Structure formats: C-alpha cells, structure tokens
Q: 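What follows is a single structure, and I will ask about it in a moment.
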Amino acid sequence: MAKNHQLKIPAHPSIYTGNNKGRQLNIYFSEPETGVNEDTGLLILIPGFGANSQSNVYKKMRQQFADQYNLITIQCDYFGSEFMQDSKRVKLNFSLTDFKDVIEDVDLMKLKSIQNFEEFITILAKYPISLPFHELLDENIENFNDMGFMQALDLLTALFAVKIILNDNQLKYNVNKVIAYGHSHGAYLAYLCNRMAPNEFTFIIDNSAWMKPEYLYTNRFLHKYYGKLTLNIEFSYLAKDLVKDKNILTLSNLYKGFINNAQIYSFLGTDDNLVSIKEKENFCKGLGQTNFYLIDQSKVDHKIFHSTTHGLNADFLEMFKFVMEQVQWDKKEKHKRNPNTIINSHQFEYRVDFDKGLPVMTVKKL
C-alpha cells in the first residue's frame, strides 16, 4: 500500500495585497509502496468545484495511482478552494408569503416559528416548489476564490515542494514524467500551471476545462433536491470585483504566442453548458500534441463516461487508466529547467521566478 505523507508550509503571499497573513498550504502526497526510483513520475491532482483533497475519490486516487502507475501523487487545497465546496450557510432570498397559494396554512404557521433548517426542509419537502437562497460566504480580500493565478501558484508550490524533498533526500525520479490531472475548473488550472511553468509538465489530462472561469462574470448556482422541493443556492464570488485583469485568464489569451511543451488529453461533452465546443476544439488544435475527445451519446460507455454534460459524470479512475494506456514515455527526452516566466496583459506584467526553488510571482502594472 502506498505511503502517505502530509506537510504544511507557508503559502505564497497574496498577489492582490502583498500580504501572507500567516496563510499555510497543506500538501498531501503519496509514494509507491516499493519506493521511488528513476522511473517514478509525479502527478498533481486538481479538483474543481465541489471537491477537495479530503474527498474520497481523491484519497483513493492518491493511494491507487501511486502504486499502480509508479507515481508520487500530489494534492493541496489551494487558495480559496474552501469557498468552492457544497453549501454551508444560506440566507433566505424570498418570503414564505410568496408561496401562500401553494403551502398549506398549517405548515405556514409552523414555518414562521421554526429555527432549525432541517425541520424547515422536512415540512417543505412535500411541496413541488423551487426556493431561492443566497450562500453566505466568508470571503475577504486576503482569502477568496480568485479562480486564477493564486490558485495556480499554490498548486505549483505543492509540486515544487515535493521535488525539493526528493532532491534533498537524493531520490532519483523521472523528471520527464510529470502529469497534471484536472476536472472542470481544476483542468483549467492545469492549463494555467502549464503556462506559468512552461517546461514542467509532460502531460495534461483535461476533463471539461472551461476556457475562462465563468464565475468571474456570472454567479454559481447549486441545486439541491429534497422530496419535491428544490433549493436554488446562489454563490456570488468576490473575485468578480477583486480580479481586475479578467481577460488574461481566458486560455486563448494566456496561450497566445506560447510554445506548449506538454502533451494534452482533453475530454469534452457535446452537452456541456459551460464550454463552447468550437472554441475549445480550436484552442486545443492550436496547442499541438493534443488528443481531443468529443464525447457524444454514442461514446457514453457507462464505464468511463456516464453523460455528455459538463464533467461527463466521468469515472476519474477509469479516465486516467484510459489515458495511461495511450501514453508512451520518451526516456531519451532531456528535461529543461523552468525559465523565469513573463505573462503580459494590457494592464499588468506577471513574472514567475523559480530561482529559489519554489515559484514566486510578482505583478507590475504597465
């Protein structure tokens, strides 16, 4: 069974305020039971909305992939990811009197005096109504779901921290076998990490990455069902106001003029409501070394893919297995050191330095 490790290190200072405020980065990684050798690769797992390092499927992947594919599997809970999870605290966005024609008078009377949310739901579950709620998020300028550079910096920090540990312990590993595996927004972050560290990744496995973080422009809605009752929970993220340079976070803008060194395996469903098929396919074609899989109903095999919607209701383990069966590792390829990277937008210069081992980003207004 794979050996599991956990460490905590100071996180990258905020590129928005310049502060750290004592923020710590929790990093989880697993190594093969048989130990690390020159064929051992690195895999960073990147969840999107609704999942994190403690989700059962990610714990399972860290464990199984380490032994099954001779990988050091790495994960962290990146900047603001706690605000990307399930609903925790909501505010009613309606008045019960709005539903007086649907809810029986006796139940309306009970609801007016109830403080317990579970009792509230139990009473309403028999009614075929849809109720709007607003999620109460505790975001602030020092810690929020930025959906961009800060999240990618945490992921790269986790990856490079593990590399430092391996090097300090004089453990040889395959520097030409570095994989980023992401889902939805996590897959988007894999592309962002690749852009910030151009020579680092050998492969990117992309399950339904969007071309830009949509929740920088619109609100997120989470739908929950209790009997006949539907709860529509709205998340409005601070990033809509705090992230001023949104255009650079569109992948086609980030990758303009960029020479991609990673081989891409990209999967997208024909009924994905968050991604334009044409835009994504054109983007992938422009990267070179890309395998683009458009999943329509004929490809829903109920093994890897269970739907054609966003995320494909995919079995993450089977998808990874499918890709690994296609891959041929080129051991002759020589790893290139990551250069210090500059990304320019119309407003800012983003510079990522690797001179000290861990990535450090500085932002300069143009």
Side-chain angles (χ1 to χ4, degrees), residues 14 16 45-55 57-58 76-94 117 121 129-152 154-155 182-193 206-226 229-251 254 267-269 271-277 279-280 307-314 316:
S14 170
Y16 303 103
L45 297 165
I46 315 176
F49 285 81
N52 55 51
S53 66
Q54 301 311 300
S55 298
V57 67
Y58 281 100
C76 71
D77 289 323
Y78 49 79
F79 185 77
S81 59
E82 63 265 42
F83 306 114
M84 297 167 52
Q85 306 308 311
D86 202 349
S87 175
K88 296 175 183 174
R89 196 161 57 99
V90 296
K91 178 179 71 174
L92 276 66
N93 212 15
F94 61 91
F117 186 73
I121 295 299
I129 55 177
S130 180
L131 300 180
F133 288 82
H134 187 80
E135 183 72 9
L136 296 173
L137 296 164
D138 295 322
E139 292 182 299
N140 58 66
I141 194 170
E142 298 292 349
N143 186 30
F144 65 100
N145 173 25
D146 85 322
M147 293 174 266
F149 288 120
M150 280 299 296
Q151 294 184 343
D154 278 355
L155 292 161
H183 307 277
S184 186
H185 179 62
Y188 166 84
L189 289 174
Y191 285 110
L192 183 52
C193 286
D206 152 24
N207 175 7
S208 307
W210 48 21
M211 288 296 295
K212 62 184 178 184
E214 290 294 335
Y215 302 142
L216 287 176
Y217 303 89
T218 60
N219 288 348
R220 173 193 177 200
F221 286 88
L222 186 64
H223 306 292
K224 308 195 82 162
Y225 305 95
Y226 301 90
L229 173 69
T230 301
L231 302 188
N232 295 316
I233 305 169
E234 184 175 7
F235 292 68
S236 181
Y237 289 110
L238 272 183
K240 286 193 299 180
D241 298 319
L242 296 181
V243 177
K244 304 301 182 184
D245 195 13
K246 294 182 177 66
N247 285 339
I248 193 59
L249 293 175
T250 298
L251 290 180
L254 269 171
F267 301 87
L268 184 67
D271 296 304
D272 195 314
N273 65 338
L274 292 173
V275 188
S276 161
I277 293 174
E279 185 180 8
K280 183 68 178 289
S307 82
T308 57
T309 57
H310 186 70
L312 302 167
N313 197 13
F316 294 172

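Throughout, residue positions are numbered sequentially from 1 according to the sequence presented. None of the values given here were measured: they were computed from a predicted structure.
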Q: Is there side-chain contact between Leu137 and Phe144, with heavy atoms separated by less than 4.5 Å?
A: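 Leu137 vs Phe144: side chains apart.
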Q: With heavy-atom distances below 4.5 Å as the criterion, would you say the side chains of Leu249 and Pro213 are in contact?
A: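 The answer is yes, as the side chains (C-beta and beyond) meet within the 4.5 Å cut-off.
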Q: Enumerate the residue pairs fulfilling salt bridge (Lys or Arg N to Asp or Glu O under 4.0 Å) with a member in residues 213-224, sequence neighbours excluded, ordered by first and then second residue.
A: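 For residues 213-224: Asp86-Lys224.
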Q: Using every non-hydrogen atom in the two residues, find where Phe316 and Val57 come nearest and quote the distance to one decimal.
A: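 In this case the closest contact between Phe316 and Val57 is CD1-CG2, 4.0 Å.
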Q: Applying side-chain hydrogen bond (donor to acceptor under 3.5 Å, both in side chains), name anything that partners Ser81, two or more places apart in sequence or on another chain.
A: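 With sequence neighbours excluded, Ser81 shows a side-chain hydrogen bond (donor to acceptor under 3.5 Å, both in side chains) to no residue whatsoever.
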Q: Can you name the residues that form a ring pair (Phe, Tyr, Trp, His ring centres under 6.0 Å) with Phe267, not counting sequence neighbours?
A: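 By the ring pair (Phe, Tyr, Trp, His ring centres under 6.0 Å) rule, Phe267 matches Tyr293, Phe305.
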Q: Take the angle between the ring planes of Phe79 and Tyr16 and call it parallel below 30°, perpendicular above 60°, tilted in between.
A: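 The arrangement is parallel - the two ring planes meet at less than 30°.
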Q: For residues 236-248, which residue pairs pass the salt bridge (Lys or Arg N to Asp or Glu O under 4.0 Å) check, not counting sequence neighbours?
A: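 The answer is none; no pair qualifies.
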Q: Quick one about Asn52 and Gln85 (side-chain donor to acceptor, distance below 3.5 Å, no hydrogens or angles considered), yes or no?
A: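 Looking only at side-chain atoms, Asn52 and Gln85 do form a donor-acceptor pair, the distance falling under 3.5 Å.
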Q: For the atom pair OG (Ser236) and CG (Leu136), what is the distance rounded to the nearest 0.5 Å?
A: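 Going from the OG atom of Ser236 to the CG atom of Leu136 covers 11.5 Å.
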Q: Hey, can you tell me if Tyr237 and Phe49 have their rings parallel, tilted or perpendicular (30° and 60° cut-offs)?
A: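 The rings of Tyr237 and Phe49 sit tilted, inter-plane angle from 30° to 60°.
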Q: Could you tell me whether the side chain of Asp146 reaches within less than 4.5 Å of the side chain of Leu242, counting heavy atoms only?
A: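 No, side chains not in contact.
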Q: Are the side chains of Ser276 and Met211 in touch, meaning some heavy atoms are under 4.5 Å apart?
A: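 No, side chains not in contact.
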Q: Could you report the tightest heavy-atom contact between Asn145 and Glu139, atom names first, then the distance?
A: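 For Asn145 and Glu139, the tightest heavy-atom pair comes out as N-OE2, 2.8 Å.
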Q: Measure the spacing between CG of Leu192 and NE2 of His185 and express it to the nearest 0.5 Å.
A: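 So the CG of Leu192 and the NE2 of His185 are separated by 8.5 Å.
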Q: Go through the structure and list residues passing side chain to side chain contact (heavy atoms under 4.5 Å, CB included) with Ala187, not counting sequence neighbours.
A: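 Partners of Ala187 under the side chain to side chain contact (heavy atoms under 4.5 Å, CB included) test: Asp206, Ala209.
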Q: Do the non-hydrogen side-chain atoms of Leu254 and Tyr191 ever get within less than 4.5 Å of each other?
A: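 No - every pair of side-chain heavy atoms lies 4.5 Å or more apart.
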Q: Tell me if a side-chain donor or acceptor on Asn207 pairs with a main-chain N or O of Gly311 at a distance below 3.5 Å.
A: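 Yes; judged by distance alone, with no hydrogens or angles, the pair exists.
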Q: Applying side-chain hydrogen bond (donor to acceptor under 3.5 Å, both in side chains), can you list everything that pairs with Glu82, at least two apart in sequence or on another chain?
A: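 So Glu82 forms a side-chain hydrogen bond (donor to acceptor under 3.5 Å, both in side chains) with Asn143.
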Q: So which atom in Gly148 and which in Leu189 form the shortest heavy-atom distance, rounded to 0.1 Å?
A: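 So the minimum-distance heavy-atom pair works out to O-CD2, 4.0 Å.
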Q: If you round to the nearest 0.5 Å, how far is CG of Asp272 from CD1 of Ile277?
A: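 If we round to the nearest 0.5 Å, Ile277:CD1 and Asp272:CG are 8.0 Å apart.
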Q: Who pairs with Ser184 by side chain to side chain contact (heavy atoms under 4.5 Å, CB included), at least two apart in sequence or on another chain?
A: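 Side chain to side chain contact (heavy atoms under 4.5 Å, CB included) list for Ser184, sorted by chain: His310.
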Q: The criterion is side-chain hydrogen bond (donor to acceptor under 3.5 Å, both in side chains); which residues satisfy it with Asn273, sequence neighbours excluded?
A: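 Testing Asn273 for side-chain hydrogen bond (donor to acceptor under 3.5 Å, both in side chains), a comparison that skips the adjacent residues, returns none.
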Q: For the residue pair Ser14 and Glu142, what are the closest heavy atoms and their distance?
A: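 So the minimum-distance heavy-atom pair works out to CB-OE1, 4.3 Å.
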Q: Going by side chain to side chain contact (heavy atoms under 4.5 Å, CB included), name the residues that satisfy it together with Ile121, two or more places apart in sequence or in a different chain.
A: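 Phe117, Tyr226, Leu229, Leu231.
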Q: At their closest point, which heavy atom of Leu45 faces which heavy atom of Pro47, and how far apart are they?
A: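 In this case the closest contact between Leu45 and Pro47 is O-CD, 3.6 Å.
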Q: Calculate, to the nearest 0.5 Å, the distance between atoms OH and CE belonging to Tyr215 and Met84 respectively.
A: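 Nearest 0.5 Å value for the OH-CE distance: 9.5 Å.
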Q: Return the set of residues passing side chain to side chain contact (heavy atoms under 4.5 Å, CB included) with Thr250 (not counting sequence neighbours), or none when no residue passes.
A: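 Lys212, Ser252, Asn253.
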Q: Can you sort out the partners of Phe133 under ring pair (Phe, Tyr, Trp, His ring centres under 6.0 Å), two or more places apart, ordered by chain and number?
A: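 Scan of Phe133 (ring pair (Phe, Tyr, Trp, His ring centres under 6.0 Å), adjacent residues dropped) gives Phe94.
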Q: Run the side chain to side chain contact (heavy atoms under 4.5 Å, CB included) test on Leu312 and Ser208 for me, step by step, so that the C-alpha distance in whole Å, both residues' side-chain angles and the decisive distance to 0.1 Å come before the verdict.
A: CA-CA 8 Å; Leu312 302 167; Ser208 307; 4.1 Å; yes
Q: If every non-hydrogen atom of Ala239 is compared with every non-hydrogen atom of Leu216, which pair is closest and at what distance?
A: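 Shortest heavy-atom contact: CB-CD2, 3.5 Å.
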Q: List in chain and number order the residues that pass side-chain hydrogen bond (donor to acceptor under 3.5 Å, both in side chains) with Ser87, two or more places apart in sequence or in another chain; answer none if no residue qualifies.
A: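 side-chain hydrogen bond (donor to acceptor under 3.5 Å, both in side chains) list for Ser87, sorted by chain: Glu135.
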Q: Would you give the length of the straight line joining atom CG of Asp271 to atom OG1 of Thr308, rounded to the nearest 0.5 angstrom?
A: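 Here the interatomic distance stands at 3.5 Å.
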Q: Which value, rounded to the nearest 0.5 Å, describes the distance between Trp210 atom CH2 and Leu251 atom CG?
A: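 These two atoms lie 11.0 Å from each other.
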